[in-house]
Asker: 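Below you'll find the structure I mean.
Order of the sequence lines sets the chain letters (A, B, ...), proteins ahead of strands, with each chain counted from 1.
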Amino acid sequence: MSEIFRAKIKENRPLTNHHYLLTLHPLINIALPNPGQFFMLSVDESLDPLLKRPFSVHRTVEGGFQILYRVVGKATKILSAKSPGDEIEALGPLGNGFPLNISNSENVILTAGGMGIAPMLALADKIAGLKPLLFYGARTAGELLCLDDFRDSGIEPIISTDDGTCGRKGSVIDSLESYISSAGSNNFGLYACGPKPMLSSLSKFCAKHEITAYMALEESMACGIGTCLGCVVKTNEGYKRVCKEGPVFSSREIIW
Amino acid sequence: MSEIFRAKIKENRPLTNHHYLLTLHPLINIALPNPGQFFMLSVDESLDPLLKRPFSVHRTVEGGFQILYRVVGKATKILSAKSPGDEIEALGPLGNGFPLNISNSENVILTAGGMGIAPMLALADKIAGLKPLLFYGARTAGELLCLDDFRDSGIEPIISTDDGTCGRKGSVIDSLESYISSAGSNNFGLYACGPKPMLSSLSKFCAKHEITAYMALEESMACGIGTCLGCVVKTNEGYKRVCKEGPVFSSREIIW
Amino acid sequence: MQRGAGLFFKGDNLVIDLSVSIGKIKLKNPVMTASGTFGYGDEFAEYFDIGRLGAVVVKGLSLKPKQGNPPPRIVETPAGMLNSIGLQNIGAEKFINEKLPFLRKHDTTVVVNFFGDTIEEYVEAAEILSSADGIHALEMNISCPNKEEGWSIFGTDPKVTAKVVNAVRKSTSLNLIVKLSPNVTDIAQMAKVAEDAGADAVSLINTITGMAVDIKTRRPRLANIKGGLSGPAIRPVAVRMVWECYNAVKIPVIGMGGIVTADDAVEFIIAGASAIAVGTGNFVTPLASMNVLEGIEKYMSDEGINSIDELRGSLICG
Amino acid sequence: MQRGAGLFFKGDNLVIDLSVSIGKIKLKNPVMTASGTFGYGDEFAEYFDIGRLGAVVVKGLSLKPKQGNPPPRIVETPAGMLNSIGLQNIGAEKFINEKLPFLRKHDTTVVVNFFGDTIEEYVEAAEILSSADGIHALEMNISCPNKEEGWSIFGTDPKVTAKVVNAVRKSTSLNLIVKLSPNVTDIAQMAKVAEDAGADAVSLINTITGMAVDIKTRRPRLANIKGGLSGPAIRPVAVRMVWECYNAVKIPVIGMGGIVTADDAVEFIIAGASAIAVGTGNFVTPLASMNVLEGIEKYMSDEGINSIDELRGSLICG
Ligand SMILES: Cc1cc2nc3c(=O)[nH]c(=O)nc-3n(C[C@H](O)[C@H](O)[C@H](O)COP(=O)(O)OP(=O)(O)OC[C@H]3O[C@@H](n4cnc5c(N)ncnc54)[C@H](O)[C@@H]3O)c2cc1C
Ligand SMILES: Cc1cc2nc3c(=O)[nH]c(=O)nc-3n(C[C@H](O)[C@H](O)[C@H](O)COP(=O)(O)OP(=O)(O)OC[C@H]3O[C@@H](n4cnc5c(N)ncnc54)[C@H](O)[C@@H]3O)c2cc1C
Ligand SMILES: Cc1cc2nc3c(=O)[nH]c(=O)nc-3n(C[C@H](O)[C@H](O)[C@H](O)COP(=O)(O)O)c2cc1C
Ligand SMILES: Cc1cc2nc3c(=O)[nH]c(=O)nc-3n(C[C@H](O)[C@H](O)[C@H](O)COP(=O)(O)O)c2cc1C
Ligand code: FES
Ligand code: FES
């Protein structure tokens with residue numbers, strides 16, 4: 001059950017120059033969001049921006065939930081100027097979320113590129129007991145977020161950066177692939193979130209090694225609830241809606 | 001010379017539930033605005049609202065100037081939520097302003113209806129030495145603004161309210177007319193600002209008594225600088241631009 | 001006061017009558033949903049009782065299922081959005097079997113929007129839909145390409161429009177609403193063509209064709225290159241066209257284009273709309289249609305207007 | 001780097017060439033002003049050096065002065081505005097005597113927008129303007145009523161359009177830009193008609209006809225009832241139409257409609273515009289055209305694009 005509701009901003013903390021951690025307290029009771037689910041947020045009443053914007057649940061906290069966001073355009077810029085006490089309208093939780101009952105629980109791997117880290121903390125909170133590994137890539141050291149939060153959950157991020165300023169130089173996929181190739185096992189439970197090129201090359205890698213990855217996709221959205229058919233991705237069963245059948249899909253079904 | 005400039009909000013003080021006193025400090029040197037002149041203000045970068053909004057200069061103060069505004073719609077609502085330190089874009093000072101050298105300096109009368117009070121304080125500041133009378137009408141006592149500011153300048157407002165909650169019950173024009181009719185002189189210098197029906201009936205009264213009133217008009221504006229031809233009023237010399245030939249016109253020239 | 005029923009009583013006196021007639025059917029209030037923005041109604045039932053609406057208009061259906069255009073399919077523009085969904089739908093049959101039973105359970109008028117690639121497909125779809133139980137009216141979308149005549153749009157050539165509306169008219173006895181394309185020189189002429197061809201009502205406007213470019217990649221923002229512009233940005237165009245059609249035809253005009261609030265809706269009714277539809281507004285907030293309904297009630301009660309009939313076309317000119 | 005001159009040098013190497021050709025004339029950069037939003041240029045000279053612009057296009061002139069429509073003449077709409085100025089202007093003669101000398105003093109191309117109520121008026125105005133010194137091009141506005149043929153718009157009937165453009169073409173040897181109305185079914189057809197009738201370029205879009213209603217008074221918000229919609233709201237429609245015309249004609253296309261920032265302008269150029277004009281954007285901030293010019297320079301330098309020719313029509317489809 002999702003709801004349309006007003007939420008109070010509890011905190012809107014800058015983490016870097018363009019990343020913020022938003023804590024929202026819904027003014028009504030809403031369903032507890034699952035990792036991989038998302039909310040549509042209105043930033044104000046103006047007709048520009050017009051549509052709500054989708055954001056993954058980053059973490060559930062006492063009294064509400066958190067969103068980790070990057071300022072990229074109109075809505076996120078306005079959001080970044082909001083103060084504690086301000087209210088916004090929200091819709092959610094939406095989408096399917098990550099499947100948590102994956103069988104091969106011994107080698108669980110989280111893979112995040114850039115803002116793809118946002119839903120991973122909620123997931124780590126849920127499955128910390130499975131002692132997952134986290135492969136985390138960013139452009140540069142200054143864009144790495146929430147490292148301590150993962151460490152607090154007992155997960156030491158395996159980092160790569162495009163410019164080599166932290167961890168291994170190169171893409172997170174390179175890092176992951178060399179790990180898996182050397183591990184000598186295909187018994188992996190993989191979760192991933194990140195930019196399209198990353199997910200697409202991860203899908204190819206997984207196909208080759210007969211691994212299934214669950215990946216959270218992004219598409220431009222208008223409604224977020226399955227009615228506009230704006231957010232589709234191509235799958236082997238035709239177009240599916242990222243907001244409704246997703247945002248989490250199996251790497252086996254997406255046609256890139 | 002008018003300028004396009006950024007200004008810092010020094011104060012944005014609520015006076016009633018829907019009236020605010022905004023103090024702006026331009027970040028560059030601008031010409032000192034004359035009473036009756038106005039500024040076009042952007043409230044933010046959003047395309048809704050799109051156009052700048054015109055506001056009379058209420059008072060010039062150390063470091064800048066003040067605007068007295070009422071929240072009526074989109075832009076004024078957004079403006080009312082601004083905080084000291086926020087910056088906005090402004091254009092001005094614009095328009096002609098009140099002529100200050102009216103000959104019959106012995107009986108100077110200011111007439112204000114509703115928000116028409118906004119430019120009157122700047123005018124009073126300039127011509128306090130002429131000991132003007134102020135006839136001031138509002139719907140109800142709670143909407144009377146800046147009474148003490150006028151008193152500080154030695155002007156005791158002659159008040160009327162539509163509902164009789166303060167001063168004489170009825171329109172400010174009734175009040176003014178009965179004063180003038182009983183004064184036995186036509187030697188008046190009249191300044192007025194207020195809603196159209198008030199200015200129109202004042203014009204008729206002035207025509208009958210052969211008095212000239214200078215009145216600040218309002219029209220919807222797009223550019224504020226005379227290029228769009230959107231803000232015209234009908235005069236006995238054809239359409240004139242409120243933003244350029246006005247906003248102050250002689251009551252003799254306007255065709256209502 | 002009883003909300004949502006169309007008739008409002010205060011004591012024993014009838015106070016506000018929200019009901020409106022569209023051809024042979026009566027809606028309990030003038031608030032409809034615009035096709036393609038409300039799915040088949042089921043998703044919205046999670047947020048409010050869709051039975052309170054004057055009518056639910058479903059996503060456009062064709063004879064056979066259609067997969068639509070490749071993504072990206074939507075992009076936001078100033079106070080509006082472009083879409084190139086490409087009329088993706090589950091097909092008339094699946095709709096009747098899987099979606100209609102749900103709608104039948106609600107106390108609202110069901111309007112089915114449909115289209116075809118050829119006149120025959122229009123006719124066949126109309127026939128199948130007319131034989132189903134629980135459909136109160138058909139809305140034919142003529143803003144779609146005509147496979148037989150060089151893929152030009154059915155709704156932009158008066159002769160083709162007359163032909164397709166005539167053919168559908170003969171194949172259904174249901175209330176027939178013709179949904180007009182705004183991408184024409186003379187919308188009033190198109191409304192007259194629809195009226196003459198037997199339409200019970202016209203609805204307008206469909207989206208205005210537009211385009212947006214990603215200046216980084218130098219590609220169109222929609223995979224389909226062009227798309228349909230909707231939302232508040234187009235409202236002034238929609239209100240103008242509704243007024244022109246209201247002055248040109250005798251059949252009811254259903255107005256839409258950029259309605260988000262009740263004030264927006266009232267503009268259309270004053271300009272001549274018998275009913276209005278909320279489209280992109282449903283994406284701004286899923287409660288938009290309810291907000292519009294409640295706001296119209298409030299406006300009428302504030303202004304002392306007793307019936308939509310009194311408000312409709314009441315524009316004072318001059 | 002030398003700003004505003006069109007050619008950019010870094011050391012001895014030519015880096016960015018902003019100049020564009022419109023028919024027989026060359027603009028130093030593609031940034032023009034849209035008629036009716038820049039007056040006769042003098043007001044804006046208070047805020048920046050108008051000599052930096054590619055071209056100044058002045059408010060539409062007619063043979064005789066016109067007083068225009070009664071107020072209210074403008075109303076804001078979502079991300080746009082409606083205007084019904086009614087083509088108020090001081091007349092061709094007064095313009096030549098009182099305004100042109102000022103414009104001549106600036107190092108910019110002067111484009112004079114004009115119109116008539118009849119074909120004869122168009123021709124006479126064109127002749128008078130052609131004989132004046134310091135006018136580089138004429139832009140004929142065909143979005144205005146034709147007194148002789150039932151007040152329908154010159155620019156919406158291809159036959160009438162051909163007639164009036166032909167007549168003007170014969171009466172001037174100046175560069176002739178035909179400004180198209182977007183209120184038509186097929187804009188590409190209208191561009192072709194203008195090309196065939198001898199236009200050196202087409203410019204588009206003019207405003208889209210719209211309307212707004214004050215729900216309190218139940219009156220139109222414009223005294224003239226209908227007006228022209230402009231501003232960012234219409235940009236997607238304008239970009240689409242520019243692209244359609246670019247693909248249909250060989251003469252240059254000048255794009256406008258909702259340009260406020262350089263990014264907006266670049267969309268038009270990628271879609272095929274040889275030059276662009278800032279209209280309503282000038283009201284958002286009087287520096288809009290300068291911001292657009294500087295932003296285009298920056299975009300080209302960031303993206304490593306050396307000339308507008310390279311950017312124009314570079315849309316990658318498929
Ligand atoms: C299911 C889902 C979950 C998401 N979760 C998060 C999250 O947890 N944190 C977060 O920061 N963002 C998240 N996003 C992306 C977020 O929705 C966009 O960043 C946001 O909508 C941008 O809005 P804006 O108005 O600031 O930018 P706009 O002004 O709309 O766009 C600015 C620029 O960013 C680009 N852009 C817009 N949306 C996206 C996108 N989805 N991906 C890449 N580029 C885009 C545009 O093309 C444009 O160039 C998520 C998206 C989806 C679909
Ligand atoms: C020269 C000039 C000087 C002005 N000085 C002041 C001033 O000192 N203080 C002040 O509070 N206001 C002043 N105004 C009016 C002010 O510009 C408007 O109130 C403001 O533009 C409203 O913007 P908005 O976006 O909040 O309202 P909108 O959303 O644009 O409009 C909301 C409602 O208010 C109505 N409205 C809009 N503008 C006006 C207007 N000018 N007069 C009456 N109704 C209007 C609209 O029709 C609409 O119904 C002045 C106007 C002019 C032309
Ligand atoms: C995502 C989307 C899908 C649409 N699908 C259809 C459709 O299938 N059939 C149809 O006739 N109109 C369709 N429309 C047009 C709307 O019904 C409506 O006419 C238009 O959007 C204008 O109204 P609005 O501005 O309120 O959205 C669609 C519009 C949108 C935004
Ligand atoms: C107030 C105003 C006056 C205008 N006057 C004219 C005119 O005289 N002649 C003309 O061809 N176009 C005129 N236009 C149309 C503009 O030149 C331009 O084509 C249109 O506004 C779209 O561009 P924009 O969205 O950037 O404003 C006018 C537009 C506005 C807003
Ligand atoms: S965003 Fe509308 S269907 Fe997914
Ligand atoms: S507001 Fe543009 S001319 Fe006055």
Asker: B:Ser2 versus chain D, heavy atoms under 4.5 Å apart: side chain, backbone, both or neither?
Answerer: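 Both backbone and side chain of B:Ser2 come within 4.5 Å of chain D.
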Asker: Which of the residues D:Gly41, D:Ser84, D:Pro70, D:Gly36 is involved in the greatest number of heavy-atom pairs with chain B at under 4.5 angstrom?
Answerer: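 So the answer, after comparing D:Gly41, D:Ser84, D:Pro70, D:Gly36, is D:Pro70.
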Asker: Can you check whether D:Ile269 reaches D:Tyr299 side chain to side chain, under 4.5 Å on heavy atoms?
Answerer: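 No, side chains not in contact.
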Asker: Please state whether the rings of B:Phe5 and B:Phe65 are parallel, tilted or perpendicular, taking 30° and 60° as the class boundaries.
Answerer: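 If you compare the ring of B:Phe5 with that of B:Phe65, the planes turn out perpendicular.
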Asker: Cation-pi check for B:Tyr239 against D:Arg73: NZ or CZ below 6.0 Å from the six-membered ring centre and within 45 degrees of the axis, yes or no?
Answerer: yes
Asker: Are any side-chain N or O atoms of D:Asn97 and backbone N or O atoms of D:Lys94, one a donor and one an acceptor, separated by less than 3.5 Å?
Answerer: no
Asker: Based on non-hydrogen pairs under 4.5 Å, which of B:Ser220, B:Gly224, B:Cys231 is most in contact with chain D?
Answerer: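 That would be B:Ser220.
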Asker: Which answer fits D:Asn69, side chain, backbone, both or neither, if we ask what part of it has an atom under 4.5 Å from a heavy atom of chain B?
Answerer: backbone
Asker: Looking at B:Gly238, B:Ser42, B:Pro49, which one has more heavy-atom pairs under 4.5 Å with chain D than the rest?
Answerer: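 Result: the option with the highest number of such pairs is B:Pro49.
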Asker: Answer with side chain, backbone, both or neither: which region of B:Met221 has an atom nearer than 4.5 Å to a non-hydrogen atom of chain D?
Answerer: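 Only the backbone of B:Met221 comes within 4.5 Å of chain D.
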Asker: Looking at D:Arg221 and D:Glu76, is any side-chain nitrogen of the basic one under 4.0 Å from a carboxylate oxygen of the acidic one?
Answerer: no
Asker: In terms of heavy-atom proximity below 4.5 Å to chain B, should D:Tyr47 be classed as side chain, backbone, both, or neither?
Answerer: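 Contact with chain B: side chain only.
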Asker: Find the one option among B:Val232, B:Val233, B:Asp48, B:Leu91 whose heavy-atom pairs under 4.5 Å with chain D are most numerous.
Answerer: B:Val232
Asker: Would you check if the side chain of B:Tyr20 reaches a backbone N or O of B:Ala81 as a donor-acceptor pair within less than 3.5 Å?
Answerer: no
